[in-house]
Asker: 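Below is a structure I'd like to ask you about.
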Amino acid sequence: MFKPDTRITEVKGIGPKKADAFKNINIETLEDVIFSYPREYEDRTKVRTISDLKDGETVMVTAELRRLKKGRYIRGRKTPTTLLVGDSTGTMEVVFFNASWLEKSLSIGSEYWFFGKVGLRNNSGGISGAPVMIHPQFGKYTDSESGESILPIYPLAAGISQKERRRLASAAVTAAGEYEDCFSEEFRKKNGLCDLEYALKNIHFPEDERHMKVAKYRLIYEELLLFTLSLGYMKAGFSREKPGIVLSKARFEDELTLPFQLTAGQAQALDEICRDMEEGSRMSRLVQGDVGSGKTAVAAKAIYKVVKNGCQAALMAPTEILAEQHLQTFNAFYKGEGINVELLTSSASASERRGILERLSSGKTDVLIGTHALFSSDVEFARLALVVTDEQHRFGVAQREALSHKGESPHILVMTATPIPRTLALVLYADMDISVIKDKPAGRKEIITRTAREADRPKAYEFVLRQVKKGRQVYIVTALIENSESLDVRSAEEVFEEAERYFKPYKTGFLHGRMKQDEKDDIMGAFKNGEIQVLVSTVVIEVGINVPNATVMVIENSERFGLAQMHQLRGRVGRGEDQSYCFLILCSDTEVAVERSKIMEETSDGFIIAEKDLQLRGTGEFFGARQAGAPELRIADIIKHTKILKSAADEAKKIISEDPLLDKPDNVRLRRRIEKLYGSTEFNG
Ligand code: ADP
Ligand code: MG
């Protein structure tokens, strides 16, 4: 008899060596197995004859292998192997890339099953106009393999086969009745959810498509409910903690003179922040403002108010470069105000650090700026009233929590440029209040954005060179670091080497994700102070970096970037007086890639871009994996399942408002699940 805690080695066919491979993907017991859901299914009940194939459908076809055609190897391109297969109604092409091994393992004249997505138009690598399947699942057709059933397909990892995955799953579902359903029968009825046992059985081995959908809906709903519930639960815990330091209602924030007038959006955000801090309960607020909307100035004024109240503030940036940038900005803003701003980074020497910490704990320092190192345990404030986190992209519940436990009970302000549509933000940041800065400082020049095809690249680069000759600086961003034979993409190395030659005698720098942080900082520093004119990088360019002299952003293989990402990258230019430009070098003709490029040319409004991004994703196009900053979810996808997310969030809100501590008998099971999933009960005080 299998139990949830049965180790997978107890299942026939899983030895210690296999178990190690499974351990790598965090699977050790049957409980781990049952909660690792299939990625998709082979719906072998949907068997089609070739003449019946419809465009875009994912189906099963059984056919005889008639011919195998190997494509020519071209460096830098994917080499296709094309199978011509047929049944009594017609022929189909099956294409595999870089799969020369196929030739040896298939035999002409044998029957195979192919399970995959059908492309009918001749735009998917086909050579004869026949229907095409690219990289389908396939296997030899035998009676036992061809039963009409729906089989799970699991994500695989090194040393693990689909067969082993399935064997474990079928062992695990025999114990599906052993898990506690966190939903009461009443709740399930009300929300149209099946019970957990049914869900677990049918998510792995569905009887039919309908059973699978019912199971899937329940599990997605559960995941999203628990997630939003955990946020609400945390928020409830947060406000039960000690109140924040109450600031005086005196409008100190108006006394700080900045070199510019705040925009209406900035003024409103500042107002909301100040009112929060005057109220007594702890502030937990997110300021969402597009790149360049001037979030730093808002923080500077809020912090000014805090300091004028005799308190301290901390500002956390994701990198040292950004921390230093903030130090300069704040020193300029506070010039002549007698406010002590200090920087704490890991590059401070031991004695420097001692001095910084001393001045901080004695209250001499008013504002401490730094990276997450700010929150190591020896950093003690005298009277910390506000913690500002800048450009917090990652959705870090744990991180936010750690922050809020620092010092007394400081107000929390998070500033982000991630353009999440408001509807989604309301759910994702349910534990925070939100201010949105919609407008931008007046007089900003629009960044001129142009799509360039591969053939236009030389012309685009000539333009870039002219900008460099004028004394401007340039970013060139690429999708990949290294050459990869299998992909049709220019690597950063390749682009860097070319750029270095092309832009001589101007200097080109290279920044990539495998570099150490201090190496990255050195390169970024050299770019900032103008020693380097052209910066080639993978997408590691710091969000938030401000180099006003940089006027050109070139994105190579722009088809590989999501809209939100391109928007962020483009936001690195257009920060100074000069007209700025963005070139999207598009090496693909797919509809979505072209559409994205067009949107980028047409608008620079991050919120519009975010909405369009959602729409495009909504059509089933899947790029850039999950929304940056989204939580780890096993089966739900906040982009695809926005509707379920909303109804789950509503339900969560109701539950929390009636029972903020999740103490009621019906809710205790929910609380147990949340604590298991999201850990820590620290905020439960
Ligand atoms: P972000 O919101 O992306 O962090 P920053 O705070 O870096 O934007 O501001 C971008 C630039 O705009 C800075 O150079 C800043 O001094 C300037 N700026 C901010 N607010 C205003 C304003 N109201 N009027 C004019 N310039 C402004
Ligand atoms: Mg910023």
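Keep in mind that this is a model prediction, so the values were computed, not measured. Numbering of ligands and ligand atoms starts at 1, following listing order.
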Asker: Give the minimum heavy-atom separation between V573 and I447, together with the two atoms involved.
Answerer: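 Nearest pair, atom of V573 first, then I447: O-CD1, 3.5 Å.
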Asker: Any heavy-atom pair between the side chains of R353 and V379 that's under 4.5 Å?
Answerer: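 Heavy-atom side-chain distance check passes, below 4.5 Å.
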Asker: Are the charged groups of K612 and D605 less than 4.0 angstrom apart, N to O?
Answerer: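 So K612 does not pair with D605 through a salt bridge.
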Asker: Please state which part of T329 comes within less than 4.0 Å of ligand 1, counting heavy atoms only: side chain, backbone, both or neither.
Answerer: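 The answer is neither.
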Asker: Is the gap between the ring centers of Y304 and F252 under 6.0 Å?
Answerer: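 Ring centres of F252 and Y304 not closer than 6.0 Å.
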Asker: Between E601 and R450 (salt bridge meaning N to carboxylate O under 4.0 Å), is one present in this structure?
Answerer: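 Salt bridge flag = no for R450 with E601.
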Asker: Measuring from non-hydrogen atoms of R575 to any atom of ligand 1, is the shortest distance under 4.0 Å?
Answerer: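 So R575 counts as touching ligand 1.
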Asker: Do the side chains of I437 and K295 get nearer than 4.5 Å, heavy atoms only?
Answerer: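 Contact flag for K295/I437 side chains = yes.
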Asker: What I want to know is whether G294 and ligand 1 share at least one N or O pair that is separated by under 3.5 angstrom.
Answerer: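 Checking ligand 1 against G294, an N or O pair does fall under 3.5 Å apart.
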Asker: At a 4.0 Å threshold, what atoms of ligand 1 neighbour a non-hydrogen atom of T296?
Answerer: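 Answer, ordered by atom number: 4 (O), 5 (P), 6 (O), 7 (O).
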Asker: Examine ligand 1 and decide if any of its atoms is less than 4.0 Å from a heavy atom belonging to S293.
Answerer: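 It does; at least one heavy atom falls under 4.0 Å.
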Asker: Check ligand 1 against V291 and write out every atom of the ligand that is under 4.0 Å from a heavy-atom position of the residue.
Answerer: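 Going through ligand 1 atom by atom, the ones under 4.0 Å from V291 are 3 (O).
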Asker: Out of all atoms in ligand 1, which are within 4.0 Å of some heavy atom of Q261? Include the element for each.
Answerer: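 Selected atoms, number and element: 22 (C), 23 (N), 24 (N).
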Asker: With a cut-off of 4.0 Å, which atoms of ligand 1 are near a heavy atom of G292?
Answerer: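 It comes down to these atoms of ligand 1: 1 (P), 2 (O), 3 (O), 8 (O).
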Asker: Evaluate the criterion salt bridge (charged side-chain N to carboxylate O under 4.0 Å, His left out) for residue pair D276 and R285; output intermediate values, then yes/no.
Answerer: CA-CA 9 Å; D276 279 357; R285 183 170 288 278; 2.7 Å; yes
Asker: Atoms of ligand 1 less than 4.0 Å from T263 heavy atoms?
Answerer: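 By the 4.0 Å cutoff, the relevant atoms are 23 (N).
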